[in-house]
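For this chain, numbers begin at 1 and follow the sequence in order. This is a predicted model, so every value here is computed, not measured.
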Amino acid sequence: MRLVIAECQVDYVGRLTAHLPMAKRLLLIKSDGSVSVHADDRAFKPLNWMSPPCRLTEETAPEETGAQAVWVVENKAGEQLRITVRSIEHDSRHELGVDPGLVKDGVEAHLQELLAEHVTTLGDGYTLIRREYMTAIGPVDLLCRDADGGTVAVEIKRRGEIDGVEQLTRYLELLNRDATLAPVAGIFAAQQIKPQAKTLANDRGIRCVTLDYDRLRGTESTEFRLF
């Protein structure tokens, strides 16, 4: 991984356009080819990014701009993240090795397995594309198709809280940049979903599904059923 702290301007050019004026930011260039731009006040969410496969080239900036360089990050669709670098305060490279990934607790892992086997629990006509569908920022629990052929990303939790909705939102933002998948809808599935999480999910167009663990295991339960 390459870490760069630089005063820079960022422009995204593609299906959508976005502009970040000149300011000091953290640039992350990962070994998978992804590039993301971070501020110091936005927690974990990047200001903008380009997911792999993409290619980074460093060019000399035009003299009249007063900048050192222009980094052009281009994906296979021809979209570009153009980073105009005025000055660099820090530039280092680090070898992190292979990450073992997030280990879910036993109930969450079993819920994912059961729901993959009985994906029509989410709706009639649903089919499974893949479990643990890998993205540049982590694996989506289930990637499915609905009865109309649309792509659906499913995040599974034992307890559904706001951070789980935020996690799914990040996956959806990334997946919807892939023309072969978009548009991608979201389902937040959990045994219990807190009211605040449900409100946030509904506001973002994410469907909430309450899972009955015992019913999925094929046993009777006095708890609430899936609805």
Q) To the nearest 0.5 Å, what is the distance between CG (N75) and CE (M50)? A) 4.5 Å
Q. Looking at side-chain heavy atoms only, is the closest gap between L27 and I83 below 4.5 Å?
A. yes
Q | Residue pair G164 / F188: nearest heavy atoms and the distance that separates them | A | C-CE1, 3.6 Å
Q) Quick check: does any side chain N or O of T169 sit under 3.5 Å from a backbone N or O of V165, one acting as donor and the other as acceptor? A) yes
Q. Considering only heavy atoms from C-beta outward, does the side chain of D91 approach that of I88 to under 4.5 Å?
A. yes
Q) Between S92 and R2, does any side-chain donor sit less than 3.5 Å from a side-chain acceptor? A) no
Q) Which heavy atom in S51 sits nearest to a heavy atom in A136, and how many Å separate them? A) CB-CB, 4.3 Å
Q: Working to the nearest 0.5 Å, report the span between NE2 of H110 and CZ of R158.
A: 14.5 Å
(Q) Hydrophobic cluster membership, with links at side-chain heavy-atom distances under 4.5 Å among I/L/V/M/F/W/Y: are Y213 and V154 in one? (A) yes
**Q.** Full working for side chain to side chain donor-acceptor pair (under 3.5 Å) between Q192 and K157
**A.** CA-CA 8 Å; Q192 298 176 331; K157 299 293 185 186; over 6 Å; no
Q. Any side-chain heavy-atom pair from D146 and T127 closer than 4.5 angstrom?
A. no
(Q) Could you walk me through whether I193 and C208 satisfy the side-chain contact (heavy atoms from CB on, under 4.5 Å) test, starting with their C-alpha distance in whole Å, then the side-chain angles of each, then the deciding distance to 0.1 Å, before giving a yes or no? (A) CA-CA 8 Å; I193 302 178; C208 290; 3.8 Å; yes
(Q) Let me confirm one number: the OG-NZ distance from S36 to K45, rounded to the nearest 0.5 Å. (A) 13.0 Å
Q: Rounded to the nearest 0.5 Å, what's the gap from NZ on K30 to CG on L96? Could you check?
A: 9.0 Å
Q.
Can you confirm whether more than 12 heavy atoms, excluding those of E63, are under 6.0 Å from its CD atom?
A. no
Q) Side-chain contact, heavy-atom cut-off 4.5 Å: V70 with R82? A) yes
Q) Passes side-chain contact (heavy atoms from CB on, under 4.5 Å), H38 versus R25? Steps please. A) CA-CA 6 Å; H38 298 259; R25 299 184 175 93; over 6 Å; no
Q | Audit row: T84, C8, side-chain contact (heavy atoms from CB on, under 4.5 Å) steps and yes/no | A | CA-CA 5 Å; T84 304; C8 61; 6.0 Å; no
Q | Common cluster, I29/V85, ILVMFWY with side-chain heavy-atom separation under 4.5 Å | A | yes
(Q) Checking T120 against H118 for the side chain to side chain donor-acceptor pair (under 3.5 Å) test, could you report, in this order, the C-alpha distance in whole Å, the side-chain angles of both residues, the deciding distance, and whether it holds? (A) CA-CA 6 Å; T120 53; H118 306 285; over 6 Å; no
Q) Looking at R130 and E132, does any basic side-chain N land under 4.0 Å from a carboxylate oxygen? A) no
**Q.** Nearest heavy atoms of A190 and G160, plus distance in Å
**A.** CB-N, 3.6 Å
Q) Taking NZ, NE, NH1 and NH2 as the nitrogens, is one of them in E166 or R204 under 4.0 Å from a carboxylate oxygen of the other? A) yes
Q. Transitively linked via ILVMFWY side-chain contacts under 4.5 Å: W49 with W71?
A. no
Q. Does D141 come within less than 4.0 Å of R131, counting only side-chain N to carboxylate O?
A. no
Q. Do T199 side-chain atoms and P195 backbone N/O form a donor-acceptor pair below 3.5 Å?
A. yes
Q.
Hydrophobic cluster membership, with links at side-chain heavy-atom distances under 4.5 Å among I/L/V/M/F/W/Y: are V152 and L142 in one?
A. yes
Q. Considering only heavy atoms from C-beta outward, does the side chain of N176 approach that of L174 to under 4.5 Å?
A. no
Q: Applying side-chain contact (heavy atoms from CB on, under 4.5 Å), run through L211 and L115 and close with a yes or a no.
A: CA-CA 9 Å; L211 300 174; L115 200 54; 4.1 Å; yes
Q: Determine whether V35 and L47 fall in the same hydrophobic cluster, where Ile, Leu, Val, Met, Phe, Trp and Tyr are linked whenever their side-chain heavy atoms lie under 4.5 Å apart.
A: yes
Q) Less than 4.5 Å apart, any side-chain heavy atom of I5 and any of K24? A) yes
(Q) Could you tell me if R177 sits above the aromatic ring of Y171, with its cationic atom closer than 6.0 Å to the ring centre and no more than 45 degrees from the axis? (A) no
Q | Worked verdict on Y12 versus H19 for ring pair (Phe, Tyr, Trp, His ring centres under 6.0 Å) | A | CA-CA 7 Å; Y12 192 94; H19 172 74; over 10 Å; no
**Q.** Spacing of L122 atom CG and R207 atom CZ [to the nearest 0.5 Å]
**A.** 6.5 Å
Q: Locate the shortest heavy-atom distance separating L114 from L216; write the atom from each residue and the value.
A: CD2-O, 3.8 Å
Q) Atom CG of L56 and atom OG of S34: how far apart are they, to the nearest 0.5 Å? A) 11.0 Å
Q: Taking the side chain as every heavy atom from C-beta outward, state whether I206 and I187 have any atom pair closer than 4.5 Å.
A: no
Q: Locate the shortest heavy-atom distance separating V140 from A153; write the atom from each residue and the value.
A: CG1-CB, 3.8 Å
Q) Side chains of L3 and L28: does their closest heavy-atom pair fall under 4.5 Å? A) yes
Q. What do you reckon, is CD of E95 surrounded by more than 12 foreign heavy atoms closer than 6.0 Å?
A. no
